[in-house]
Amino acid sequence: MVRRYELKDADWARLAPLLPGKVEDVGRSAADNRLFVNTVLWIARSGAPWRDLLPERFGPWNSVYRRFRR
């Protein structure tokens, strides 16, 4: 089920090869790239502050925010 503000499978298939952390990339792979992108989209579209309203399904707000800042 695709939730509001989240990427559809077709959109994700186009975006995934452009992100770091793929299996063929050197270093650590990012298994949660889709979740991270969906989190950033949720923040951008809802206008909510990072620490106040981030739903639990996206994980701890500070972890997501630190990755966003990097």
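Heads up: numbering here begins at 1 and tracks the sequence.
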Quiz item: Does Arg69 have any side-chain hydrogen bond (donor to acceptor under 3.5 Å, both in side chains) partners at least two apart in sequence or in another chain, and if so, which?
Solution: Tyr65
For a quick test of your reading: what N or O donor-acceptor pairs under 3.5 Å do the side chains of residues 35-42 make, sequence neighbours left out?
residue, atom, partner, partner atom, Å
Asn38, OD1, Leu7, N, 2.9
Asn38, ND2, Arg34, O, 3.4
Thr39, OG1, Leu35, O, 2.7

Exercise. List for me each residue that meets side-chain contact (heavy atoms from CB on, under 4.5 Å) alongside Arg70, sequence neighbours excluded, and say none if there are none.
Key: Arg67
Quiz item: Which salt bridge (charged side-chain N to carboxylate O under 4.0 Å, His left out) pairs, counting each pair once, include a residue from residues 55-64, with sequence neighbours left out?
Solution: Glu6-Arg57
